[in-house]
4 protein chains.
Amino acid sequence: MSRKQELRAEETKQSILAAATQLFGERGYDTVTMREIAKQAGCSHTTIYIYFHDKEALLHLLSMPPLDQLKQQLTDILHTAQQSAEQKWKAICKEMVRFCFMNKTMYPIFFNVRAVRVDEQEPELPINKLRNELFALLTRALQQCLQIDSNDERLLAFSRICYYTMHGIIGTYTHSEESAEQLLERLSTTFDTAFETLLLGFRQKLHQGDNHHENHTTV
Amino acid sequence: MSRKQELRAEETKQSILAAATQLFGERGYDTVTMREIAKQAGCSHTTIYIYFHDKEALLHLLSMPPLDQLKQQLTDILHTAQQSAEQKWKAICKEMVRFCFMNKTMYPIFFNVRAVRVDEQEPELPINKLRNELFALLTRALQQCLQIDSNDERLLAFSRICYYTMHGIIGTYTHSEESAEQLLERLSTTFDTAFETLLLGFRQKLHQGDNHHENHTTV
Amino acid sequence: MSRKQELRAEETKQSILAAATQLFGERGYDTVTMREIAKQAGCSHTTIYIYFHDKEALLHLLSMPPLDQLKQQLTDILHTAQQSAEQKWKAICKEMVRFCFMNKTMYPIFFNVRAVRVDEQEPELPINKLRNELFALLTRALQQCLQIDSNDERLLAFSRICYYTMHGIIGTYTHSEESAEQLLERLSTTFDTAFETLLLGFRQKLHQGDNHHENHTTV
Amino acid sequence: MSRKQELRAEETKQSILAAATQLFGERGYDTVTMREIAKQAGCSHTTIYIYFHDKEALLHLLSMPPLDQLKQQLTDILHTAQQSAEQKWKAICKEMVRFCFMNKTMYPIFFNVRAVRVDEQEPELPINKLRNELFALLTRALQQCLQIDSNDERLLAFSRICYYTMHGIIGTYTHSEESAEQLLERLSTTFDTAFETLLLGFRQKLHQGDNHHENHTTV
DNA sequence: GATGAATGAGCGTTCATTCAT
DNA sequence: AATGAATGAACGCTCATTCAT
């Protein structure tokens, strides 16, 4: 009696999640309507409200599990003994790109593009906590890699620059029709180059700063 | 009679364009309504449809002049005798950011984020031509700056990386409530750092490549 | 087996009635949803439809017991030996107000304000019978209090006037957010005054009528 | 050109107002939908939004002109030299009843039955100002009629009681299918009796109070 | 007997667009 | 050329109700 129904319910819920994931991923959060999701999921639009409180909740629930998983992965990378700090940072950057390509809905959540307020307004929201933790991870990896003090203001600037580049990479291809695999295949060396470039640049910047200092002090 | 009318018509059309430019620029494409544009232009919202087929057509037409102007500016920068190639490239990058901050509509157009399909579908579209020319300019500036062959495949990768970073910068702040001026005031040194970092990185990359080559040939 | 089931069924039905009584009483008919009732009753919302044809039928059925109880109370008051007719009438009026405050659903039922059609359309409806009996009680109490003939047309007018005032009192506060207790605490002396005023007025009216008569006959 | 259109627009607006007046009057504010109003008015539901900002605005606009008129009438009554204070007060009460019968939408506005927040929340709202002025007029008339101090707390209680009775009278018949004329024809003597009764009662109450005082002071 | 799943009708509102003049 | 009037489709969401088990 209940077994079959439970199964059916889970199926419906999953089909809604699948539909929403796909549509949000393809066309972004706010251009997709509940009715479209329902149609794609093969149910009535009211059915969605049985499983999810509202459109935004759907998006959030959609995102939590993969984000949790991502956090675990990034933490694992950071704590691996076998790799250098540089390798770790690059691995983390690449993993974030890969992850966002695989979960195209993540773009508006990570980079809170309009209409999805995942930001300061409710930092208590689990998803915001997670988001912040992820970016903190990224900053820490960069700090260890550059071996600068975590209060050094240059770390903030460098973090931002990483963020911009990642945002750009992901934003550029989020609405692409190519699959994650195709994109990674075609462009991963470019992405590698991007992160390496940044790192090289950051290091030189730091040296410049030192030299400047030296120059200043010597003169 | 017809003379006067023509003039009047042109005036109306221009006032619509001006209004749309301003509003789209300030608040982006889809939060602005036709009625708001009409109000600002001092005409009825139906009048807009006399001159422009629909909202999207209006956007495209309206985007041309500022893009033309931008193109002119960038071209001017590129052809100035007084500056080094590096200075030119940085100036171009900064100008593009500034321009996109001032014209918030440009974000979806430049980086063709969904909803406004300005892309492959109709590469003949004047606006797409212009867009491509602009990015070509960027690439050329970078090429001259790095002094590598325009067919060097590394140039394509580096161009893309610049594009990502610019996309990220602009995308991060396009939906911000801060004005263009505030943003530039607050963050322009970070943006400078970003572009300098990229350049430093690119150069080192090129050297690495050379060394690799050397190593390869020696061994 | 059937015995147990019957019992269980009756239990469920009663818990639904109890829940609906409370919720309707607290918040009125149309702000309460079937799901809320079900939740409070500890059953599924579909279960309600097993016992009651629809929301309105539930309301009607649910209104019977308290109305029956009210009728009993008012009858008791009317038949008490210890009180004067005036005390009885006032007690009845106050009890009706108190009752309607405690059972906010009663307002639309007693005074058949739209949405719940309990009126002439089906005078056979048990609830309408009861309603009419209650108002008949009120009239009888007033008659005994004023000691006029039950066919005296002035009794009808006076009854109506009482009805208006009670309707006004209850209607004024039914949608208030104050609890029944708070309202009674704050306003019961005003209500007392209202009923006393009416009674004083009625009596004087009767005297006036007599005097008129006297005058008429004397002159 | 514009003449005909203006006329047509005014017609539409009036038909919307007429439809809304009738429907609100018949079935109350919140059970009536915009689409129903539109249907009755013979236009699309979106057309309503051309002329009225939203549903509540429609109700308010519907009410202002008649309320203004009523205020004028009541003021006139109060300032007539030829009548006694008692005549004036009774005339005012009767006029309010008559007015509400003629404008059945007024019921929820005057007596702010659920969902129409015409109350404390925004006392600045023109309609609320007007409403308060009207009730102030009523109180003043009563005060002059009873010749008691305007700060006498009994005046407040008496005013409330009048309010209840008027609320009751109007509430009882607002949803009636009888026309205003029919109702007044059939019941105006009852209403007269009601107000006379109240007045007689109030006066006696005041005397009682005096006697009490006397008793208190003498003893 | 009882339930969770699912639905359709409907809500107020917005907006780009078309029609008649 | 230009406009005000008018519309239909759509939005997110709620609710009483029915269906299959």
Side-chain angles (χ1 to χ4, degrees), chain A residues 1-13 30-38 42-51 53-56 58, chain B residues 1-2 4-13 30 32-38 43-51 53-56 58, chain C residues 1-2 4-6 8-13 30 32-38 43-51 53-56 58, chain D residues 1-6 8-13 30-38 42-51 53-56 58:
Chain A
M1 184 136 100
S2 83
R3 202 82 208 105
K4 231 183 202 164
Q5 261 188 339
E6 260 177 50
L7 229 73
R8 186 130 173 58
E10 192 54 28
E11 242 172 55
T12 304
K13 189 175 177 178
D30 43 330
T31 62
V32 172
T33 75
M34 293 302 257
R35 279 166 171 89
E36 281 175 316
I37 296 171
C43 67
S44 160
H45 63 282
T46 57
T47 301
I48 301 178
Y49 290 93
I50 298 172
Y51 298 101
H53 180 260
D54 61 11
K55 200 185 175 187
E56 199 153 331
L58 175 56
Chain B
M1 183 135 109
S2 104
K4 236 183 200 163
Q5 269 188 340
E6 260 177 51
L7 227 74
R8 187 129 169 57
E10 191 54 28
E11 241 172 56
T12 306
K13 189 175 177 179
D30 35 294
V32 172
T33 72
M34 293 299 256
R35 276 177 159 82
E36 285 174 313
I37 297 169
C43 70
S44 161
H45 58 286
T46 56
T47 303
I48 301 178
Y49 291 91
I50 299 170
Y51 298 102
H53 180 260
D54 63 11
K55 201 184 173 189
E56 196 157 331
L58 174 58
Chain C
M1 181 136 108
S2 103
K4 236 184 200 164
Q5 268 189 341
E6 260 178 50
R8 187 129 168 58
E10 191 54 28
E11 242 173 56
T12 306
K13 189 175 177 178
D30 33 296
V32 172
T33 73
M34 293 300 257
R35 277 179 159 81
E36 284 174 314
I37 296 169
C43 70
S44 161
H45 57 286
T46 56
T47 303
I48 302 178
Y49 291 92
I50 299 170
Y51 298 102
H53 179 259
D54 62 11
K55 201 184 174 189
E56 196 157 332
L58 175 57
Chain D
M1 185 136 100
S2 83
R3 203 82 209 104
K4 232 183 202 163
Q5 261 189 339
E6 260 178 50
R8 185 130 173 60
E10 192 55 29
E11 243 171 56
T12 304
K13 189 176 178 178
D30 42 330
T31 62
V32 172
T33 74
M34 293 302 258
R35 280 166 172 89
E36 281 175 316
I37 296 170
C43 67
S44 161
H45 62 284
T46 58
T47 301
I48 301 179
Y49 291 92
I50 299 172
Y51 298 101
H53 180 259
D54 62 10
K55 200 185 175 189
E56 198 154 332
L58 176 56

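Throughout, protein chains are lettered first and strands after them, A, B, ... in sequence-line order, and every chain is numbered starting at 1. Quick note: numbers below take in every heavy atom, side chains included, and nothing from hydrogens, waters or symmetry partners. All figures in this text were calculated on a predicted structure; none of them were measured in a lab.
- Out of dG8(E), dT7(F), dT17(E), the shortest distance to the side chain of I50(D) is found at dT7(F).
- One can place CZ of R8(A) at 15 Å from C1' of dT3(E), the figure rounded to the nearest angstrom.
- M34(B) contributes atom CE, which lies 5.5 Å from atom CD1 of I37(B) (distance to the nearest 0.5 angstrom).
- With rounding to whole Å, M34(A) atom CE is found 18 Å from dA9(E) atom C1'.
- With sequence neighbours left out, S44(C) forms a side-chain contact (heavy atoms from CB on, under 4.5 Å) with T46(C), T47(C).
- Note: CD (E56(D)) to C1' (dG12(E)) measures 12 Å, nearest angstrom.
- Residues I48(D) and D54(C) both approach DNA chain F. Their nearest nucleotides, taken by heavy-atom distance, put I48(D) toward the 5′ side.
- By the side chain to side chain donor-acceptor pair (under 3.5 Å) test, E10(B) pairs with Q14(B), sequence neighbours left out.
- At whole-Å resolution of the value, CG in L7(A) and P in dT21(F) are 14 Å apart.
- The side-chain contact (heavy atoms from CB on, under 4.5 Å) search around T33(B) returns R35(B), E36(B), not counting sequence neighbours.
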Heteroatom pairs (N/O) under 3.5 angstrom, protein to nucleotides 18-20 of chain E:
none

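- Rounded to an integer number of Å, the gap from I37(A) CD1 to dG12(F) C1' is 11 Å.
- If you take CD of E36(D) and C1' of dG12(E), they are 13 Å apart, rounded to a whole angstrom.
- The CD-P distance, from E6(A) to dA5(E), rounds to 8 Å in whole Å.
- Atoms OG1 and CD1, on T12(A) and I50(A) in that order, are 8.5 Å from each other to the nearest 0.5 Å.
- The minimum heavy-atom distance between V32(D) and K55(D), with the atom names listed, is O-NZ, 2.7 Å.
- When rounded to the nearest whole Å, the span between CG of L58(B) and C1' of dA16(E) equals 12 Å.
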Worked check of side chain to side chain contact (heavy atoms under 4.5 Å, CB included) between D30(B) and T31(A): CA-CA 10 Å; D30(B) 35 294; T31(A) 62; over 6 Å; no
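- Taking a pair as Watson-Crick or G-U wobble with both distances under 3.5 Å, the runs of three or more consecutive pairs in DNA chain E are E:2-21 with F:2-21.
- Proximity of T33(C) to the phosphate of dC15(F): no side-chain N or O atom is located under 4.0 Å from OP1 or OP2.
- Considering all non-hydrogen atoms of both residues, D54(D) and Y49(D) come closest at CA-CE2, 4.1 Å.
- A donor-acceptor contact under 3.5 angstrom links the side-chain atoms of R35(A) to the base of dG12(F).
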